[in-house]
**Q** 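Quick one: this structure, given as structure tokens, is what I'll be asking you about.
Every chain is numbered from 1, with letters handed out A, B, ... down the list of sequences.
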Amino acid sequence: MDSSNELKWQRYWEREGTFIASPSETKKKYFITVPYPYTNAPLHIGHGRTYLLADIIARFHRINGYNVLYPMAFHQSGTPILALSQRIRSGDESMVKMYTNYLSLYEKDPKEIKRILASFSDPKNIADYFSAEIIKDFSLMGFSIDWSRRFTTSDPVYQEFVKWQFLKLNDLGYIKKGTYPVLYSVEDENAVGEDDIKDGDIDKVSIEEYTGVIFKGRNFSLVAASLRPETIFGVTNLWISDRGDYMLCALNGDKVVLSRSSFEKLVYQNHEISLVREIKRSEILGEEFEAPLSGRKVNVYESPIVNPDNGTGIVYSVPGHSIWDYAGIMNSNFHPDPIKIIDVPDDKNTVESLYRRMKIQSVQDSDKLREATQILYKEEYYSGRLNDQNDVYSGMSVKEARDAIIADLKRLGFSIVVYETSRIAETRSGAKVIVAIMKDQWFIDYSNREWKDRTRALVDSMDIFPSSYRESIKEVIEWLRERPCARKRGIGTRLPFDQNWIIESLSDSTIYPVLYTCYPYLVRIFDKKREISPDILDHIMLGYPVPEGKYDGDVMAQIDGARKEKQYWYGVDLRLTATPHLTNHLVFYLMNHVALFSGKDLPHGIAISGLVIVEGSKIGKSKGNAIPLSVISNKYSADIYRLYMSISADPQSVIDWKESEIQSVQKKYLSLVEILSSVNSTSTDIENMSEVEKWFISIFRSRMASFVDSIRNFNIRQGIVSIFFDVMNDIKRLERRGGSRSRMLQLIAGEWLKALSVVIPFVSEEQWHRLDLPGSVANAQLDSYSPENIDRDLIEKESYIDRVEEDVRSILKVIGKEPSRINIYVAGDDQRKVMRAVSENMTKSIQKNLLYLIPEAMKVRNLVSFYKFDELSVLRENTDYFRAIFNAEIHADQAKIEKGKNAWPGRPLIRIE
RNA sequence: GCGGAGGUUGCAGAGCCUGGUCAAAUGCGACAGACUCAAGAUCUGUUUUCGUAGGAAUUCGCCGGUCCGAAUCCGGCCCUCCGCACCA
């Protein structure tokens with residue numbers, strides 16, 4: 001079907017309001033959601049997969065008698081749109097180019113593209129533009145979405161709702177305030193997110209916590225930053241960089257020395273620190289310092305292994321347990337004996353052995369040093385114990401010792417916390433990224449034990465597809481700690497109790513699916529009152545009484561309407577989302593629901609969809625391999641995309657989008673269309689069918705039953721295979737066996753189209769109308785396919801014939817000659833008796849004269865089947881068929897018992913002449 | 001390292017929970033034949049090895065165990081993928 005035809009049906013659904021849902025007195029509801037898309041770029045085939053799977057589930061429930069609500073909204077919160085707008089405004093070339101490309105997907109006229117691009121200097125225009133295009137894309141894909149309930153996260157009504165949500169969370173005591181380390185740009189005076197950082201999406205930046213160990217000296221102290229404070233008893237000396245500036249500072253009343261850049265960072269990390277003067281390196285090198293806890297006196301040396309920009313620009317040297325330090329001393333004229341303070345079970349991976357084994361030459365071999373450090377670190381961290389050189393810490397595991405030593409250093413005033421980025425990072429505009437401690441940071445305290453337990457209990461009671469994710473989800477709930485929920489800038493809702501903060505984009509998108517149920521009512525309330533006060537939402541969402549007489553009849557009518565819809569639709573029967581949401585959105589969604597809702601309003605089900613890769617590699621904007629949804633309907637047609645996506649892999653596994661495979665799916669699709677197009681009318685006349693035709697009807701029903709069962713269990717691939725490939729193969733067999741294809745198609749066309757419509761709705765709707773069937777196929781009701789309607793006997797007979805066919809073939813293959821006559825002998829009563837006895841372990845009951853059959857029976861006992869039907873008559877009824885396919889005389893008869901080979905039940909003896 | 005998923009016959013991907021009927025579904029690809037002037041499409045068959053009678057042998061990451069019997073259960077090992085966060 002070409003795209004203009006698809007457009008026709010898309011318009012039809014829109015005109016008829018086919019997917020607009022409203023509460024029903026009689027029908028059971030089914031509410032399915034997918035997280036709304038972020039509106040800063042066109043969506044690609046990977047995004048489309050999740051919405052498609054949801055659409056298949058939605059359409060499936062519609063034809064199975066449910067009142068289905070599949071709504072959609074748009075996400076605009078956060079910084080990316082804002083940042084993008086800024087960059088376009090400032091004329092950032094790569095951005096302008098990328099967005100010119102994006103726009104050319106939708107716009108032909110270059111002038112128009114320029115105009116739209118210019119309008120993007122206002123972030124609102126970006127969001128609005130892409131929202132509108134996403135609606136078009138989704139419609140072209142045939143997604144059965146109820147657009148009448150749509151909204152964006154920038155809408156005032158949405159924000160009234162988010163305010164209410166945060167007031168509630170605050171009342172419950174889940175909102176807290178505290179200091180928190182964040183990635184920060186001094187230049188921009190703002191926290192930076194992953195999207196603000198150069199290559200932040202490819203190479204993540206995280207925050208590392210160093211212990212700044214204070215080494216006291218006569219005139220001043222040194223602050224040496226370490227990730228492994230448990231090695232403090234192994235210190236032999238201190239290192240400073242052989243380059244870079246050092247500063248003498250006042251820190252909490254002490255005089256300490258740090259590198260210049262470290263001083264600049266620590267200012268942002270909540271320390272009382274001020275500059276005294278710059279200090280020459282030579283001045284430091286002359287001093288002697290005392291290591292805390294051990295009291296060991298150590299000297300300072302310069303080394304290229306120290307980067308003045310990392311940590312404090314000072315490190316303490318533990319050559320016994322740090323390969324860098326070991327390399328450092330090997331490369332200097334100062335050679336202390338490494339002090340061994342950690343014992344590991346074997347000495348395969350010690351500093352010295354690694355140094356030798358990896359053939360490290362100097363401190364310049366940084367790749368090898370890094371790798372060796374990894375190995376050493378793992379070995380010591382997970383299997384190391386502190387030996388008797390460690391005072392009170394002796395005998396502790398490395399992990400225990402680290403915690404104990406950090407705590408003691410802190411208690412005795414010998415350490416400060418130094419935060420550092422996990423790699424050198426800068427913002428997209430080139431500003432340096434550091435770690436800053438934000439005072440008064442608002443966060444949601446997900447660490448609450450009781451809250452976690454309730455959420456885990458909910459997860460236990462939910463449908464999770466695939467079920468293997470149940471444990472992962474529960475594990476993520478365990479991980480959750482405090483989550484900063486507000487930022488200083490970005491698009492979003494202001495915190496109701498602190499107007500300086502904007503609620504961050506994952507925190508404002510947790511319980512919003514409830515808004516779909518009643519959004520239009522809320523809009524009307526807002527239009528009247530210019531606000532939606534919490535008591536209204538308390539009533540609609542939670543059922544608290546509305547203050548008597550506070551609202552007039554008009555507003556009350558809207559409130560009641562909203563409450564009614566919410567009560568009917570909520571909670572979400574299935575929320576479908578892709579794996580990246582597993583560790584964040586999905587658990588916030590669950591936790592926030594548990595916090596605010598109860599009973600039937602809580603989520604009922606979750607389904608996870610897998611990634612899409614293209615020709616073997618991940619989809620990435622920078623790779624330029626993202627195929628936008630908008631080109632799909634033109635290039636292939638939406639139906640083919642839908643078919644390909646649903647049959648190439650199970651929903652949760654990765655799909656590799658391969659051009660060549662799409663083409664073969666396309667072929668199959670076209671031959672299906674051809675079959676469908678050959679049907680001219682429908683019929684219900686089931687009189688006078690041949691055996692094969694009766695078989696066809698039964699096997700078709702069993703395919704449909706398998707379809708229903710599979711999709712219900714989210715085995716979408718299997719379900720579609722049943723009604724697509726399997727039915728097509730059945731039709732082939734029907735024809736080969738001499739059944740009337742056209743007559744059978746008339747019988748099944750209606751039901752088949754209904755089933756097919758969940759995956760290929762456009763061609764199904766087209767054929768449905770061509771056959772003059774009533775209404776839209778999308779709203780038609782599928783028959784029920786209970787086992788009583790399926791004649792298993794017929795299906796078995798046919799598979800018996802197939803089996804005999806195969807047996808004959810495999811014999812022909814071996815003997816390699818053209819047959820002139822094929823004799824088929826079915827087992828008689830004696831063999832049946834013997835086989836029955838053998839398979840039931842009752843060999844004693846066998847008559848004496850038949851005992852000689854037992855050895856052979858034992859041999860073939862796994863190959864027999866006790867059919868209910870009479871094998872001989874089935875064969876005789878089908879001799880014409882066998883004659884035709886083998887081009888030989890066919891003779892079927894009762895087998896006589898003879899020495900040598902025998903016929904057995906379900907496994908006739910075949911003799912070829 | 002922790003948590004999760006997984007390693008199946010050319011590829012993709014079932015089967016594993018509930019052991020035998022599994023040389024292992026289905027789709028793709030490849031090969032052969034039919035149709036055709038031809039190509040494509042379609043149809044039929046083959047697609048681990050051996051075999052002139054439907055058989056046999058060897059296979060489901062590796063090693064071992066349980067069992068009459070293991071792709072399936074148990075133990076160990078190797079390898080791959082995803083996540084480990086404040087970021088949408």
**Q** Can you check the Y589(A) OH to C86(B) P distance for me, whole Å?
**A**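 Going from OH in Y589(A) over to P in C86(B) covers 24 Å.
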**Q** Which listed nucleotide (A53(B), C28(B), G55(B)) is nearest to the side chain of R907(A)?
**A**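 Ranking A53(B), C28(B), G55(B) by closest atom to the R907(A) side chain puts G55(B) first.
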**Q** Taking only the C1' atom of each, what is the distance from G3(B) to U8(B) in whole angstrom?
**A**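 26 Å, rounded to whole Å.
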**Q** Nearest whole Å is fine: how far is A25(B) C1' from N729(A) CG?
**A**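 The answer, rounded to whole Å, is 12 Å.
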**Q** Using 30° and 60° as the class limits, which term best fits the ring planes of H891(A) and Y825(A): parallel, tilted or perpendicular?
**A**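 H891(A) vs Y825(A) ring planes: perpendicular.
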**Q** Expressed as a whole number of Å, how far does the C1' atom of A23(B) sit from that of C74(B)?
**A**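 Each nucleotide's C1' atom is 26 Å from the other's.
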**Q** Checking R703(A) against S722(A): is there a side-chain donor and acceptor pair closer than 3.5 Å?
**A**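 Distance-only check fails for S722(A) and R703(A).
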**Q** With a non-hydrogen cut-off below 4.0 angstrom, is E504(A) in contact with a base, only sugar-phosphate, or nothing?
**A**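 The answer is sugar-phosphate, as E504(A) gets under 4.0 Å only of primed atoms, P, OP1 or OP2.
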**Q** Can you tell me which nucleotide in A85(B), C87(B), U26(B) comes closest to the side chain of N584(A)?
**A**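 The answer is C87(B), which lies nearest to the side chain.
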**Q** Would you mind telling me which of G4(B), G54(B), C87(B) lies closest to the side-chain atoms of R483(A)?
**A**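 It is C87(B).
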**Q** Without decimals, in angstroms, what is the distance between H585(A) NE2 and G83(B) P?
**A**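 Result: 18 Å.
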**Q** Go through it in stages, so that I can follow the logic: the residues are F74(A) and F130(A), the test is ring-ring contact (aromatic ring centres under 6.0 Å, His included), and I'd like the CA-CA distance, side-chain angles, deciding distance and then a yes or no.
**A** CA-CA 9 Å; F74(A) 298 103; F130(A) 286 109; over 10 Å; no
**Q** To the nearest 0.5 Å, tell me how far L480(A) CG sits from N448(A) CG.
**A**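 Between atom CG of L480(A) and atom CG of N448(A) there are 11.5 Å.
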**Q** May I have the distance from I437(A) (atom CD1) to C86(B) (atom C1'), rounded to whole angstrom?
**A**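 Nearest whole value for this atom pair: 15 Å.
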**Q** In the strands shown, is C86(B) matched to any nucleotide by a Watson-Crick or G-U wobble pair with both distances under 3.5 Å, and which?
**A**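 Matched C86(B) with nothing under the 3.5 Å cut-off.
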**Q** Would a distance-only check, ignoring hydrogens and angles, find a side-chain to backbone donor-acceptor pair under 3.5 Å from R803(A) to R907(A)?
**A**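 No; judged by distance alone, with no hydrogens or angles, the pair does not exist.
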**Q** Considering only C28(B), C87(B), A53(B), which nucleotide approaches the side chain of R911(A) most closely?
**A**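 Nucleotide nearest to R911(A)'s side chain: A53(B).
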**Q** Quick one: are L672(A) and I760(A) in side-chain contact, heavy atoms under 4.5 Å?
**A**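 The answer is yes; the side chains approach within 4.5 Å.
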**Q** With the criterion being N/O to N/O and under 3.5 Å, what pairs connect the protein with nucleotides 10-15 of chain B, and how long is each?
**A**
unit_1 : atom_1 : unit_2  : atom_2 : d
G13(B) : O2'    : R717(A) : NH1    : 3.1
A14(B) : OP1    : D650(A) : OD2    : 2.5

**Q** Could you work out the separation of G10(B) and G65(B) based on their C1' atoms and round it to a whole Å?
**A**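 It works out to 34 Å between them.
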**Q** How about Y669(A) and Y644(A): are their ring centroids closer than 6.0 Å?
**A**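 Ring centres of Y644(A) and Y669(A) not closer than 6.0 Å.
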**Q** In Watson-Crick or G-U wobble terms, both distances under 3.5 Å, what is the partner of A24(B)?
**A**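 Its partner is none (no Watson-Crick or G-U wobble pair with both distances under 3.5 Å).
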**Q** Where the side chain of E475(A) is defined as all heavy atoms beyond and including C-beta, which of G3(B), C87(B), G54(B) is the nearest nucleotide?
**A**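 Looking only at heavy atoms from C-beta outward on E475(A), the closest nucleotide is G3(B).
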**Q** Angle between ring planes, H75(A) versus Y38(A), binned at 30° and 60°: parallel, tilted or perpendicular?
**A**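 Ring orientation of H75(A) relative to Y38(A): perpendicular.
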**Q** Take the protein atom CD1 of I647(A) and the nucleotide atom P of G27(B), then report the distance between them rounded to whole Å.
**A**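 Taking atom P of G27(B) as the reference, CD1 of I647(A) is at 10 Å.
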**Q** How would you label the contact of P37(A) with the nucleic acid (heavy atoms, under 4.0 Å): base, sugar-phosphate, or nothing?
**A**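 Contact class for P37(A): none.
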**Q** Quote, to the nearest angstrom, the C1' distance that separates U59(B) from C22(B).
**A**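 To the nearest whole Å, 11 Å.
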**Q** Pairing check on C77(B): which nucleotide meets the Watson-Crick or G-U wobble criteria with it, both distances under 3.5 Å?
**A**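 Partner of C77(B): G61(B).
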**Q** Write down the distance between CD1 (I606(A)) and P (G4(B)), rounded to a whole number of angstrom.
**A**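 Atom-to-atom, I606(A) to G4(B), this comes out as 18 Å.
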**Q** Could you check whether any side-chain N or O of H585(A) sits under 3.5 Å from a backbone N or O of P35(A), counting only pairs where one atom can act as donor and the other as acceptor?
**A**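 Here the side-chain-to-backbone pair does not exist.
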**Q** Using atom C1' in both nucleotides, what's the gap between A71(B) and G6(B) to the nearest angstrom?
**A**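 The same atom, C1', in both gives a distance of 15 Å.
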**Q** Examine A88(B): is either OP1 or OP2 under 4.0 Å from a nitrogen or oxygen in the side chain of S505(A)? Give yes or no.
**A**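 Indeed, a polar side-chain atom of S505(A) lies that close.
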**Q** Working to the nearest 0.5 angstrom, can you tell me the gap between Q76(A) CD and I81(A) CD1?
**A**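 Those atoms lie 5.5 Å apart.
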**Q** Considering only atom C1', compute the distance from C79(B) to C63(B) and round it to an integer number of Å.
**A**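 About 15 Å, rounded to a whole number of Å.
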**Q** With a 6.0 Å cut-off (strictly less than), is the heavy-atom count around CD of E478(A), excluding the residue itself, greater than 12?
**A**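 Above 12, so yes.
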**Q** How does each nucleotide of nucleotides 39-50 of chain B score, in 5' to 3' order, for protein heavy atoms under 4.0 Å: base (B), sugar-phosphate only (S), or none (-)?
**A** --S-SSSSS---
**Q** When the P atoms of A57(B) and U21(B) are considered, how many whole Å apart are they?
**A**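 Taking atom P in both A57(B) and U21(B), they lie 14 Å apart.
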**Q** Just call it for H75(A): base, sugar-phosphate, or nothing, with non-hydrogen atoms closer than 4.0 Å on any strand.
**A**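 Contact class for H75(A): sugar-phosphate only.
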**Q** For U9(B) and A24(B), measure between their C1' atoms and round to the nearest Å.
**A**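 It comes out at 8 Å once rounded to the nearest Å.
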**Q** Report which part of the nucleic acid T579(A) touches: base, sugar-phosphate, or nothing (heavy-atom distance under 4.0 Å, all strands).
**A**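 Touches nothing.
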**Q** Can you tell me how the ring of Y636(A) sits relative to the ring of W657(A), calling it parallel under 30°, perpendicular over 60° and tilted otherwise?
**A**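 Ring orientation, 0 to 90° scale: perpendicular.
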**Q** Going by purine N1 to pyrimidine N3 plus the second Watson-Crick contact, or the G-U wobble pair, all under 3.5 Å, which nucleotide sits opposite C50(B)?
**A**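 For C50(B), the partner nucleotide comes out as G55(B), under the 3.5 Å rule.
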